Protein chains: 2
Amino acid sequence: MSEPRWLTEPEDRAWRGYRRMRALLDLQFTRDLARDSGLSEADYDVLSTLSETEGHRQQLNDLAAQILWSKSRLSHHITRMENRGLVAREDAPADRRGCFVVLTDAGLRAIVEAAPPHVESVRRHFIDLLTDDQIDTLAAIAQTVVTNLTEPDRPTP
Amino acid sequence: MSEPRWLTEPEDRAWRGYRRMRALLDLQFTRDLARDSGLSEADYDVLSTLSETEGHRQQLNDLAAQILWSKSRLSHHITRMENRGLVAREDAPADRRGCFVVLTDAGLRAIVEAAPPHVESVRRHFIDLLTDDQIDTLAAIAQTVVTNLTEPDRPTP
DNA sequence: ATAAGTTAGATGACACGTCAACCTTCAGGT
DNA sequence: ACCTGAAGGTTGACGTGTCATCTAACTTAT
């Protein structure tokens, strides 16, 4: 293989910009979330996902797949959240290996209180800064990239 | 404060898409980088940044600021990279508190070898999937967000 | 010159994520 | 029924990041 195709100047701007935006947004959301709700982004992901499921419960494996975590990571994190009273584990009815993660009352209260300031934060630092066109383009970009990474790799013929 | 302004449907698509893309890209780049070069993204950031400075060296504090890390994090990480022979610490000439982080020969070799496959990975999973317009829009989005987060906050009048 | 405040960096304790090993239960074939 | 393999989940060790704290060195004002 010869000289690689380095990034062109516009590509480089996009790539570096993306990484810088990513890092700064992450810092900001982490800070805001901790200050406003005492939750981490990880906590928020778990709680908000559970709050959107019917019965406020989901099997550990499914939950992990949905939020793109390893089972191990989720298991550890659920243990910690369980100790804080935000979620609970329940036996799975159909499969005795499985286990459901359930939102507790405290967990539901936590996410209900955390959501509004978090959305405000997302708007202030990100969404409200963009035009409608930019919003749509961002969604399209994400759609493309996610699809490409999610589809099973085809062998190059 | 009344009911928050929840995200509209297009905004929600962009926001969730962004987060999903972010997570998947991160996983992919981490995997590729480890497989191709035995480096972490953190290693890569440090090495590539140093390789772009003249003299292949930069003061720890400046380096931390440039890559948006805490001094503590960088100090820890440099200690580990030092043990692996990728970088070295040098006394700062002007300020006896300070210290320079310097690329070693092994570190330079490592980044020179790691860069081409990494760029390939960035292209395959991200940049090459996008149109020129999307590239430019992404850069513009990042520019806007980064500027907003970087400028000192103005008090709302 | 000296005291007070600031900055560069290191460090140790702790929280989190990953990895590999493990146990249990389920599913398919024989 | 039995064996084999795969899937759901847990666990412990280890690597990494954060936070608070610390030391040393620089700056400024008196």
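Owing to the predicted nature of the structure, the values given are computational and were not obtained by experimental measurement. Computed from heavy atoms alone, side chains included, the values below leave out hydrogens, waters and symmetry copies.
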Peer 1: Of all residues at least two apart in sequence or in a different chain, which pass the side-chain hydrogen bond (donor to acceptor under 3.5 Å, both in side chains) check with Ser51(A)?
Peer 2: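 Partners of Ser51(A) under the side-chain hydrogen bond (donor to acceptor under 3.5 Å, both in side chains) test: none.
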
Peer 1: Think Arg89(B) has a side-chain N or O under 4.0 angstrom from the OP1 or OP2 of dA10(C)?
Peer 2: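 It does, given that an N or O in the side chain of Arg89(B) lies less than 4.0 Å from OP1 or OP2 of dA10(C).
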
Peer 1: For His118(A) and Phe29(A), take the angle between the two ring planes, folded into 0 to 90°, and tell me which bin it lands in: parallel under 30, tilted 30 to 60, perpendicular over 60.
Peer 2: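 Judged by the thresholds at 30° and 60°, the geometry between His118(A) and Phe29(A) is perpendicular.
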
Peer 1: Rounded to whole Å, how long is the line connecting atom CG of Asp91(B) with atom C1' of dA25(D)?
Peer 2: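 About 13 Å, once rounded to whole Å.
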
Peer 1: Which residues pass the side chain to side chain contact (heavy atoms under 4.5 Å, CB included) test with Asn61(A), sequence neighbours left out?
Peer 2: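 Asn61(A): side chain to side chain contact (heavy atoms under 4.5 Å, CB included) contacts with Lys71(A).
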
Peer 1: Counting only N and O atoms by type, is there a donor-acceptor contact under 3.5 Å from the side chain of Arg57(A) to the main-chain atoms of Gly55(A)?
Peer 2: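 Side chain of Arg57(A) to backbone of Gly55(A), a donor-acceptor pair under 3.5 Å: yes, one is there.
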
Peer 1: Please name the pair of heavy atoms, one in Arg84(B) and one in Gly38(B), separated by the smallest distance, quoted to 0.1 Å.
Peer 2: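 That closest heavy-atom pairing would be NH2-O, 3.8 Å.
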
Peer 1: What N/O pairs connect the protein and nucleotides 13-19 of chain D at under 3.5 Å? Give each pair on its own line.
Peer 2:
from: dG17(D); atom 1: OP1; to: Arg73(B); atom 2: NE; distance (Å): 3.4
from: dG17(D); atom 1: OP1; to: Arg73(B); atom 2: NH2; distance (Å): 2.8
from: dG17(D); atom 1: OP2; to: His77(B); atom 2: ND1; distance (Å): 3.4
from: dG17(D); atom 1: OP2; to: Arg80(B); atom 2: NH1; distance (Å): 3.3
from: dT18(D); atom 1: O4; to: His76(B); atom 2: NE2; distance (Å): 3.1
from: dC19(D); atom 1: N4; to: Ser72(B); atom 2: OG; distance (Å): 2.7

Peer 1: Got a donor-acceptor contact below 3.5 angstrom from the Thr104(B) side chain to the Ala88(B) backbone?
Peer 2: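 No; zero donor-acceptor contacts below 3.5 Å.
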
Peer 1: How would you list, by chain and number, every residue that makes a side-chain hydrogen bond (donor to acceptor under 3.5 Å, both in side chains) with Glu54(B), sequence neighbours excluded?
Peer 2: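 Partners of Glu54(B) under the side-chain hydrogen bond (donor to acceptor under 3.5 Å, both in side chains) test: none.
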
Peer 1: Give each protein N/O atom lying under 3.5 Å from an N/O atom of nucleotides 2-7 of chain D, with the pair distance.
Peer 2:
from: dA7(D); atom 1: N3; to: Arg97(A); atom 2: NH1; distance (Å): 2.9

Peer 1: Within less than 4.0 Å of OP1 or OP2 of dT10(D), is there a side-chain N or O belonging to Ser75(A)?
Peer 2: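 Yes, Ser75(A) has a side-chain N/O under 4.0 Å of OP1/OP2 on dT10(D).
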
Peer 1: Would you tell me whether Glu41(A) and Thr30(A) have side-chain atoms, one donor and one acceptor, within less than 3.5 Å of each other?
Peer 2: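 Indeed, the side chains of Glu41(A) and Thr30(A) share at least one donor-acceptor pair under 3.5 Å.
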
Peer 1: Does one side chain, of His77(B) or Arg80(B), offer a donor that lies under 3.5 Å from an acceptor on the other?
Peer 2: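 Yes, side-chain donor-acceptor contact under 3.5 Å.
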
Peer 1: Is there any protein nitrogen or oxygen under 3.5 Å from a nitrogen or oxygen in nucleotides 1-5 of chain C, and what are the pairs?
Peer 2:
none

